[in-house]
Q: 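One structure coming up, written as structure tokens, with questions to follow.
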2 protein chains.
Amino acid sequence: MTLSEEDYIKIIYHLGKGDQGTVSTNAIAEKMETKPSSVSDMIKKLSEKGLVNYKKYQGVTLSEYGLKVALSIVRKHRLWEVFLVEKLEFSWDEVHEVAEQLEHIKSEKLIDMLDKHLGFPQIDPHGDPIPSKSGEFKKSIKRLLNEVPIGKEGICVGVKDSSPPFLKFLDKNKIALGDSIFVVDKEEFDGSLHIKIRDVDIRISDQIASNLYLRIIE
Amino acid sequence: MTLSEEDYIKIIYHLGKGDQGTVSTNAIAEKMETKPSSVSDMIKKLSEKGLVNYKKYQGVTLSEYGLKVALSIVRKHRLWEVFLVEKLEFSWDEVHEVAEQLEHIKSEKLIDMLDKHLGFPQIDPHGDPIPSKSGEFKKSIKRLLNEVPIGKEGICVGVKDSSPPFLKFLDKNKIALGDSIFVVDKEEFDGSLHIKIRDVDIRISDQIASNLYLRIIE
DNA sequence: ACAAATTTTTAGATTTGCCTAAATTTTATT
DNA sequence: AATAAAATTTAGGCAAATCTAAAAATTTGT
Ligand SMILES: [Mn+2]
Ligand SMILES: [Mn+2]
Ligand SMILES: [Mn+2]
Ligand SMILES: [Mn+2]
């Protein structure tokens with residue numbers, strides 16, 4: 001498969017949102033930053049290769065084979081993202097462009113050994129799950145920190161309240177996007193949380209916890 | 001620059017053998033596993049881009065700019081080779097194909113941080129020197145182990161005597177291609193050597209040392 | 001229901017990198 | 001020096017991936 005075919009397959013996968021509903025030509029064109037006419041051409045080719053199911057004017061879905069290919073590319077993309085952050089000190093918002101290139105390197109051994117080198121990670125720096133070699137993975141969901149069950153871990157992916165005082169508070173307490181947060185315990189009385197972040201235990205109020213989004217697995 | 005252009009530039013560099021003598025169309029075609037007519041096309045394009053000096057029928061040499069580009073690709077190739085061997089447990093002879101792909105990834109930060117992650121290595125797994133970011137590097141030479149000065153280190157790259165008894169000896173003493181060997185001392189009396197290999201000190205006779213090739217720097 | 005708007009596909013070009021076959025230039029041999 | 005051989009370039013084409021403009025199908029709105 002060519003680099004371009006791989007990018008199309010991956011985009012069709014993401015637009016299919018897991019449930020693999022049909023994806024429109026225009027939607028693909030926008031994500032690929034190309035014209036709908038180019039997408040039509042490519043879809044025809046992918047269809048001939050058995051990667052997508054396609055009926056003219058009716059949109060596309062990934063075939064079983066196409067889904068397998070998509071998951072292997074997603075796996076590579078996310079493993080490389082972990083590598084960049086964990087081993088090369090990239091920050092979570094710098095990795096995408098480079099992973100977009102690295103995901104196309106062809107070598108089964110490379111990706112197996114990279115997985116091992118990284119300690120078989122389950123999630124990438126954005127909290128998204130990494131498919132296994134055989135294509136299995138758990139879904140991830142975005143939850144407010146105060147709704148995350150005790151004992152769960154997640155990646156901080158956003159804020160609900162983006163006011164300067166709140167952001168300043170996060171800064172002061174060294175809580176940043178991309179940080180991994182583990183919910184140790186919850187105080188029934190006032191809803192305050194005991195969390196572990198970067199191996200440090202801290203307590204935060206319900207007010208804080210209800211304004212921070214975490215991406216968690218399952 | 002495209003992937004193909006980069007491969008041409010690198011091949012022209014290697015065929016120029018450091019001194020950057022002129023390189024023939026046929027030689028490039030053979031290395032690129034393509035036809036001479038395709039090479040002519042590409043040379044014309046590289047010439048227009050100022051990467052090579054070219055007069056019809058007279059072969060090509062790299063321009064100053066072309067040399068800089070070549071060295072940056074060689075740098076990337078060799079750093080990735082070190083990564084594959086040191087971090088991902090690839091062996092000596094498995095790295096080339098993958099490095100051939102990885103060398104084309106575009107990200108200055110990536111290669112700077114990779115260099116750091118690897119501890120700023122000076123040579124690749126084949127004993128070849130790794131150019132610095134600014135393009136400087138030491139030449140490497142192939143020497144019989146018994147001609148390597150005391151205090152020098154090199155990579156085992158070949159044997160002079162390839163008879164089964166000799167190869168069996170190397171095997172038994174766990175000396176393999178790709179191993180790094182440090183010459184600790186030399187016995188004047190019989191020419192025997194005291195070497196360090198994989199952190200183990202051993203003694204070998206002059207007869208052994210005069211049949212093993214090392215690639216050393218400077 | 002049917003015209004208008006939108007989406008999608010087709011037609012015809014362009015660019016990159018490659019090919020074969022033929023022409024040209026250089027190099028080697030008598 | 002003339003001819004044969006080898007190397008190199010040109011000419012003309014092809015496949016992949018893209019584009020613009022135009023045609024066709026679908027969806028939307030009244
Ligand atoms: Mn990509
Ligand atoms: Mn990610
Ligand atoms: Mn390459
Ligand atoms: Mn090498």
Side-chain angles (χ1 to χ4, degrees), chain A residues 1-17 20-63 66 69-70 73 100-101 103-106, chain B residues 1-17 21-62 66 69-70 73 100-101 103-106:
Chain A
M1 289 193 64
T2 69
L3 187 147
S4 195
E5 287 171 349
E6 290 188 348
D7 278 341
Y8 272 96
I9 290 295
K10 201 182 56 166
I11 280 173
I12 292 169
Y13 169 76
H14 284 308
L15 289 172
K17 302 232 188 207
Q20 297 314 301
T22 80
V23 177
S24 80
T25 303
N26 268 359
I28 299 170
E30 195 172 322
K31 286 276 181 194
M32 281 292 295
E33 296 182 71
T34 184
K35 303 290 166 180
S37 55
S38 307
V39 175
S40 282
D41 282 351
M42 180 57 90
I43 285 173
K44 221 173 293 170
K45 189 165 52 146
L46 295 176
S47 174
E48 278 158 19
K49 290 195 176 188
L51 288 153
V52 299
N53 310 117
Y54 171 55
K55 260 187 259 151
K56 271 189 197 173
Y57 294 99
Q58 307 302 306
V60 285
T61 57
L62 287 180
S63 70
V69 169
I73 301 166
E100 199 59 46
Q101 300 176 59
E103 70 191 357
H104 303 290
I105 303 292
K106 269 138 196 91
Chain B
M1 288 194 64
T2 68
L3 187 149
S4 195
E5 286 172 349
E6 289 187 350
D7 278 341
Y8 271 95
I9 290 296
K10 200 182 59 167
I11 279 172
I12 293 168
Y13 169 77
H14 284 309
L15 289 171
K17 303 229 193 215
T22 80
V23 176
S24 80
T25 302
N26 268 358
I28 298 169
E30 196 171 322
K31 287 275 180 193
M32 281 293 293
E33 298 183 69
T34 184
K35 302 291 167 181
S37 54
S38 306
V39 175
S40 281
D41 282 350
M42 181 57 90
I43 285 172
K44 220 173 293 170
K45 188 166 53 146
L46 295 176
S47 174
E48 276 157 21
K49 288 196 178 188
L51 288 154
V52 299
N53 311 115
Y54 171 56
K55 259 185 261 154
K56 269 186 197 174
Y57 294 101
Q58 307 302 306
V60 286
T61 57
L62 288 179
V69 170
I73 302 166
E100 199 60 45
Q101 299 176 61
E103 70 191 356
H104 303 290
I105 303 292
K106 271 141 195 87

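So that the names make sense, note that chain A is the first sequence line, chain B the second, and so on, each numbered from 1.
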Q: Measure the distance from CD on A:Gln58 to P on D:dT27 and round it to the nearest whole Å.
A: 6 Å

Q: Within a reach of under 6.0 Å around NZ of A:Lys106, are more than 12 heavy atoms found that belong to other residues, nucleotides or ligands?
A: yes

Q: Return the value, rounded to whole Å, for the distance between atom CG of B:Leu3 and atom C1' of C:dC18.
A: 14 Å

Q: In whole Å, what is the span from the NZ atom of A:Lys55 to the P atom of D:dA25?
A: 16 Å

Q: For A:Ser4, answer base if it contacts any base atom (sugar-phosphate contacts may also be present), sugar-phosphate if it contacts only those atoms, and nothing otherwise; contact means non-hydrogen atoms under 4.0 Å.
A: sugar-phosphate

Q: How many whole angstroms separate atom CD1 of B:Ile43 from atom P of C:dC18?
A: 12 Å

Q: Can you tell me if NZ on B:Lys35 sees more than 12 non-hydrogen neighbours from other groups inside 6.0 Å?
A: no

Q: Please give me the minimum heavy-atom distance between B:Gly66 and B:Ile9, naming the atom from each residue.
A: O-CG2, 3.7 Å

Q: Rounded to whole angstroms, how far apart are CG on B:Asp41 and P on D:dA15?
A: 17 Å

Q: Taking atom C1' of C:dT9 as reference, at what distance in whole Å does atom NZ of A:Lys44 sit?
A: 7 Å

Q: Given that A:Tyr8 and A:Tyr57 both sit by DNA chain D, which one's nearest nucleotide is further toward the 5' end?
A: A:Tyr8

Q: Are the side chain of B:Lys31 and the backbone N or O of B:Ala29 linked by a donor-acceptor pair below 3.5 Å?
A: no

Q: Using a heavy-atom distance cut-off of less than 4.0 Å, which residues of residues 31-39 of chain B contact DNA chain C?
A: B:Thr34, B:Lys35, B:Ser37, B:Ser38

Q: Are any non-hydrogen side-chain atoms of A:Ser40 and A:Thr25 less than 4.5 angstrom apart?
A: yes

Q: Any idea which of D:dA16, D:dT8, C:dT10 is nearest the A:Ser40 side chain?
A: C:dT10

Q: Can you find a pair of side-chain heavy atoms, one from B:Met32 and one from B:Asp7, that are under 4.5 Å apart?
A: yes

Q: Can a side chain N or O of B:Thr25 be found less than 4.0 Å away from OP1 or OP2 on D:dT9?
A: yes

Q: Rounded to the Å, how far apart are A:Glu30 CD and C:dT6 C1'?
A: 15 Å

Q: Could you check how far CD of A:Glu5 sits from C1' of D:dA16, rounded to whole Å?
A: 9 Å

Q: Ignoring hydrogens and geometry, is there a side-chain-to-backbone donor-acceptor pair from A:Ser63 to A:Asn53 under 3.5 Å?
A: no

Q: Within the structure, does a side-chain N or O atom of B:Asn26 lie under 4.0 Å from either OP1 or OP2 of D:dA6?
A: no

Q: Between C:dT25, C:dC18, C:dT9, which nucleotide gets closest to the side-chain atoms of A:Tyr54?
A: C:dT9

